[in-house]
Amino acid sequence: MRRSFALVRIPQHVAIIMDGNGRWAQRRGLPRAAGHRAGLKSVRMSIERCTAVGVKVLTIFAFSTENWRRPQSEVGLLMSLFLEALDAEIDELASKGVCIRFVGARSHLAPGLVARMSAAEERTRANSGLTLVIAMAYGGRRDIVEAAQRLAVAVRAGTIQPEQIDEVYFSEQLALRGLPDPDLLIRTGGDHRVSNFLLWNLAYTELWFTEQLWPDFSPDDFASAITAFAERQRRYGQTSAQVSDTAC
Ligand code: IPE
Ligand code: IPE
Ligand code: MG
């Protein structure tokens with residue numbers, strides 16, 4: 001009884017740290033770029049699965065502020081791949097009703113890529129299916145710092161009073177404004193860390209880690225994550241008994 005109730009509890013918002021592309025390639029004696037390319041099919045599968053099970057928002061970590069520190073050749077390859085993937089997938093995503101949103105700093109990205117990103121957002125803005133957030137040149141600390149800067153400017157201009165800044169107001173300045181916090185974070189690749197992903201928004205997110213490398217992430221792995229989530233009890237600081245009372 002409890003189990004069947006739990007199984008229908010689908011996360012509204014899933015976030016994914018898609019890690020392990022490089023190792024996937026290296027284990028096959030291939031260049032790291034081959035792993036990034038192979039990871040695309042896991043992205044497609046995740047979008048399809050999220051839509052199928054009723055997830056409303058999927059946020060994927062494509063490139064972190066720290067990833068700029070990688071060898072220039074790998075960064076260049078990743079950027080070309082993003083551009084190529086966006087061009088190849090946009091028609092299908094748009095036709096499936098996916099609403100695309102990019103978060104992260106666009107200032108260091110190539111103008112051609114930024115133009116495609118904005119065009120994809122514009123084209124899919126009114127879509128009412130899955131919201132796909134792509135974190136591109138995103139860093140959780142930077143997101144928080146930029147929010148603080150915006151608030152400081154507003155206080156200096158006299159548009160708001162410092163006392164008005166509460167958690168809700170603050171979160172409205174962050175990149176994921178208007179979206180619910182992630183309910184479930186999936187990280188592939190075996191490492192148990194958040195690597196400067198959505199630091200603020202992950203405060204009460206359920207974390208799920210797998211050894212699977214991103215290109216190997218399968219529909220069964222996705223289902224395991226969803227099932228694990230459904231079986232978790234989210235207490236938000238309360239006791240187990242309090243939460244069970246509310247559930248009944
Ligand atoms: C994740 O895979 C993709 C990006 C960070 C862009 P990695 O490239 O980090 O793969 P590993 O962790 O080195 O295997
Ligand atoms: C996290 O993976 C960033 C993305 C998946 C885009 P990394 O491979 O960059 O993370 P670390 O360096 O192992 O923490
Ligand atoms: Mg990695």
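Values reported hereafter were calculated over all heavy atoms of this structure, with side chains retained and with hydrogens, waters and symmetry mates removed. Nothing fancy with the numbering, it's 1 onward along the sequence. Everything numeric in this text was worked out from a predicted model, so none of it was measured. Every number for a ligand or one of its atoms is a count from 1 in the order of the listing.
- Scanning for salt bridge (charged side-chain N to carboxylate O under 4.0 Å, His left out) contacts around Asp19 gives Arg23, Arg187, with sequence neighbours left out.
- Between Gly22 and ligand 1, at least one pair of N/O atoms sits closer than 3.5 Å.
- Contact annotation: for Asn67 versus ligand 1, heavy atoms closer than 4.0 Å belong to the side chain alone.
- Considering both main-chain and side-chain atoms, Asp191 never comes within under 3.5 Å of ligand 2 through any nitrogen or oxygen pair.
- Using a 4.0 Å heavy-atom cutoff, Gly189 is absent from the residues neighbouring ligand 1.
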Stepwise side chain to side chain donor-acceptor pair (under 3.5 Å) check, Ser64 with Asn67:
CA-CA 5 Å; Ser64 73; Asn67 289 147; 3.1 Å; yes
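- The Ile17 neighbourhood of ligand 2 comprises atoms 1 (C), 5 (C), with distances under 4.0 Å to a heavy atom of that residue.
- Listing protein N, O or S atoms at distances below 2.8 Å from the Mg ion (ligand 3), with waters left out, gives Asp19 OD1.
- Counting the atoms of ligand 1 from 1 in the order shown, those under 4.0 Å from a heavy atom of Met18 are 1 (C), 2 (O), 3 (C).
- Neither the backbone nor the side chain of Glu66 comes within 4.0 Å of ligand 1, counting heavy atoms alone.
- For atom 12 (O) of ligand 2, the nearest protein heavy atom lies 4.0 Å away or farther.
- Of the heavy atoms in Arg187, only side-chain atoms (C-beta onward) come closer than 4.0 Å to ligand 2.
- By the 6.0 Å and 45° rule, Arg28 stacks over the aromatic ring of Trp24.
- Ligand-side atoms of ligand 1 in range of Ala62: 6 (C), range being under 4.0 angstrom from any heavy atom.
- Between Glu172 and Arg177 there is no salt bridge, since none of the side-chain N atoms of the basic residue sits less than 4.0 Å from a carboxylate O of the acidic one.
- For Arg101, the side-chain hydrogen bond (donor to acceptor under 3.5 Å, both in side chains) test picks out no residue, with sequence neighbours left out.
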Begin from the C-alpha positions of Tyr138 and Asp143 and carry the test side chain to side chain donor-acceptor pair (under 3.5 Å) through to its verdict.
CA-CA 8 Å; Tyr138 174 87; Asp143 194 4; 2.7 Å; yes
Could you go through Thr124 and Asn127, starting from their C-alpha distance and side-chain angles, then the distance that decides it, and tell me whether this counts as side-chain contact (heavy atoms from CB on, under 4.5 Å)?
CA-CA 5 Å; Thr124 63; Asn127 284 355; 3.7 Å; yes
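- Between Phe209 and His192, the ring planes are parallel. Angles under 30° get that label, and only those over 60° would be called perpendicular.
- Remark: ligand 1 atoms within the under-4.0 Å shell around heavy atoms of Arg23 are 11 (P), 12 (O), 14 (O).
- Counting heavy atoms under 4.0 Å from ligand 2, residue Phe63 touches it through the backbone alone.
- A donor-acceptor pair under 3.5 Å is formed between the side chain of Ser80 and the backbone N or O of Gly76.
- Scanning all protein heavy atoms for the shortest distance to atom 14 (O) of ligand 2 gives Ser195 OG, 2.6 Å.
- Between Arg125 and Glu122 there is a salt bridge, since at least one side-chain N of the basic residue sits less than 4.0 Å from a carboxylate O of the acidic one.
- When non-hydrogen atoms are compared, ligand 2 lies under 4.0 Å from the side chain of Arg70 (C-beta onward) but not from its backbone.
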List the atom pairs, donor and acceptor, that lie under 3.5 Å between side-chain atoms in residues 105-113 and the rest of the protein, sequence neighbours left out.
| residue | atom | partner | partner atom | Å |
| --- | --- | --- | --- | --- |
| Arg106 | NH1 | Glu121 | OE1 | 3.2 |
| Arg106 | NH2 | Phe102 | O | 3.3 |
| Arg106 | NH2 | Glu121 | OE1 | 3.2 |
| Arg106 | NH2 | Glu121 | OE2 | 2.9 |

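- In this structure, Arg234 fails the cation-pi test against Tyr204, since its NZ or CZ atom is not both closer than 6.0 Å to the six-membered ring centre and inside 45 degrees of the ring normal.
- Atoms of ligand 2 found under 4.0 Å from any heavy atom of Arg193 (numbered from 1 in listed order, with element): 11 (P), 13 (O), 14 (O).
- Between Lys96 and Glu92, at least one side-chain N (NZ, or NE/NH1/NH2) sits under 4.0 Å from a carboxylate O, which counts as a salt bridge.
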